[in-house]
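Notes follow the structure.
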Amino acid sequence: MALVPAFVLLPGPLAASTSGGGFGDRDRLVDSLSASFVDYWGSGDRDLSPGLEGMVRYWLHYHVVKAVVAAALLAVLAALGVLLRRAFLRAGGLGVGRRAALATAVVVVTALGLASSAAVLANVQGAMAPLSSLLSMLPVRSPHGELADALDQVRQHLADRPDAGARTPPAVEVMVGDFARYHLVTAVTALTATVVLIGLSVVSWRRFAGTETSDRRTRRVFGSFGLLWALSSSAFAVVAAANASVAADPAPALLAFFEGGW
């Protein structure tokens, strides 16, 4: 399970080597982002400033690495989960302790698999809309100096945006557009996960229905997984709907973020 520490330790150094720059720790990243955001806002341009563009490139590579590692971990956990489930179904001749250990392992691996799937979706989102993902690191609740002034101006323009017409600064339009893409990606990936989980639930319930009533262990396993996949699909469906709503009208949610509401 070397993929678990790789998910935590590998993305930063690898992203730094492939993007041409990196940051030693979170504080340095936040400080650099704050300064780059102020420069970008002050430029009045639509195109990202060189400093912010470099940070967005780094953040894109960072999330691509995390998404790849999380996907590999999900594949390993899925295969392991299948093997453990089969072993549990054949564990009739084992003692109570071993059966309990197998059942616990199935539960743990399944939980880790769901967490890994969520990590894949979150990092695909960050890779597809790295600007919005990166801006979430801004200290919007406690800004100081030039950053505080820049954020005040951004908030004002976002609040006035429906009536501002052509007077909306290009940078605001860039951020609104990227924020819409950020949530659209989440809506699409969450909807995809919903469909997959519904399919798994249907398969589990069919296996449950096709099992003899005397085989209580098998029916219990497939019934439990059928219920788990159904509940998980419902959760992802809610995520998809919520993000689709934000993608359709991103400015109010972006304003809420800059006001520290997220």
Side-chain angles (χ1 to χ4, degrees), residues 1 3-4 6-7 11 59-60 62-89 103 105-133 136 177-211 218-250 252-254 257 262:
M1 299 296 279
L3 290 171
V4 175
F7 180 79
W59 206 238
L60 165 63
Y62 179 86
H63 280 291
V64 167
V65 175
K66 288 183 80 75
V68 170
V69 175
L73 180 59
L74 176 59
V76 170
L77 289 170
L80 181 59
V82 170
L83 293 175
L84 287 171
R85 187 191 65 192
R86 290 175 178 173
F88 179 74
L89 292 176
V106 170
V107 171
V108 170
V109 168
T110 301
L112 290 175
L114 288 172
S116 296
S117 65
V120 171
L121 299 186
N123 284 285
V124 167
Q125 179 188 36
M128 295 297 293
L131 176 59
S132 293
S133 178
S136 67
D178 194 79
F179 197 68
R181 181 166 59 253
Y182 182 79
H183 287 279
L184 179 60
V185 169
T186 303
V188 172
T189 53
L191 181 60
T192 302
T194 300
V195 173
V196 171
L197 289 166
I198 289 174
L200 290 173
S201 180
V202 169
V203 170
S204 295
W205 284 117
R206 284 182 175 176
R207 296 288 297 273
F208 172 85
T211 302
T218 301
R219 286 174 63 85
R220 187 163 55 246
V221 167
F222 285 118
S224 298
F225 275 105
L227 180 60
L228 174 63
W229 301 142
L231 292 174
S232 298
S233 68
S234 299
F236 276 106
V238 170
V239 171
N243 280 273
S245 175
V246 174
D249 187 17
L254 183 58
F257 160 71
W262 285 28

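Quantities reported herein were computed from a predicted structural model and do not represent experimental measurements.
- Rounded to the nearest 0.5 angstrom, F222 CZ and L89 CG are separated by 5.5 Å.
- Remark: the backbone N or O of F208 is paired with a side-chain donor or acceptor of R219 at under 3.5 angstrom.
- Judged by distance alone, with hydrogens and angles left aside, the side-chain atoms of T189 form no donor-acceptor pair with the main-chain N or O of L121 at under 3.5 Å.
- With values rounded to the nearest 0.5 angstrom, L77 atom CG is found 10.0 Å from L84 atom CG.
- Not counting sequence neighbours, the partners of R220 by the side chain to side chain contact (heavy atoms under 4.5 Å, CB included) test are R216, R217, S224.
- In this structure, Y62 and W59 have parallel ring planes: the angle between them is below the 30° cut-off, well short of the 60° mark.
- In this structure, CG on L131 lies 11.5 Å from CG on L60, to the nearest 0.5 angstrom.
- Closest non-hydrogen pair, S133 versus H63, comes out as OG-NE2, 3.2 Å.
- Inter-residue side-chain proximity for L73 and V4 is flagged as met; some heavy-atom pair is nearer than 4.5 Å.
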Step by step, work out the side-chain contact (heavy atoms from CB on, under 4.5 Å) result for S116 and F7. CA-CA 10 Å; S116 296; F7 180 79; over 6 Å; no

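- Looking at heavy atoms from C-beta onward, L228 lies in side-chain contact with L114 at the 4.5 angstrom threshold.
- For the pair R206 and V202, the minimum side-chain heavy-atom distance is below 4.5 Å.
- Contact check for T110 versus F225: side-chain heavy atoms found under the 4.5 Å cut-off.
- Here the CD1-OG distance, from I198 to S232, works out to 11.5 Å after rounding to the nearest 0.5 Å.
- Across P11 and A6, no two heavy atoms sit closer than the pair CD-O, 3.3 Å.
- Across all their heavy atoms, A180 and P250 have their closest contact at CB-CG, 3.7 Å.
- Remark: S201 OG to L227 CG distance equals 8.0 Å, nearest 0.5 Å.
- A side-chain donor-acceptor contact under 3.5 Å links Q125 to the backbone of Y182.
- Taking every heavy atom of both residues into account, F179 and A253 meet most closely at CE2-CB, 3.6 Å.
- For T194 (side chain) and A190 (main-chain N/O), a donor-acceptor pair under 3.5 Å exists by modelled atom type.
- The two atoms that bring M128 and R181 nearest to each other are O-NE, 3.4 Å, heavy atoms only.
- In this structure, V69 and L3 approach most closely via the heavy-atom pair CG1-O, 3.5 Å.
- Residues V221 and R85 have side chains in contact (heavy-atom distance under 4.5 Å, counting atoms from C-beta outward).
- Without hydrogens or angle criteria, N243 side chain to T186 main chain gives no donor-acceptor distance under 3.5 Å.
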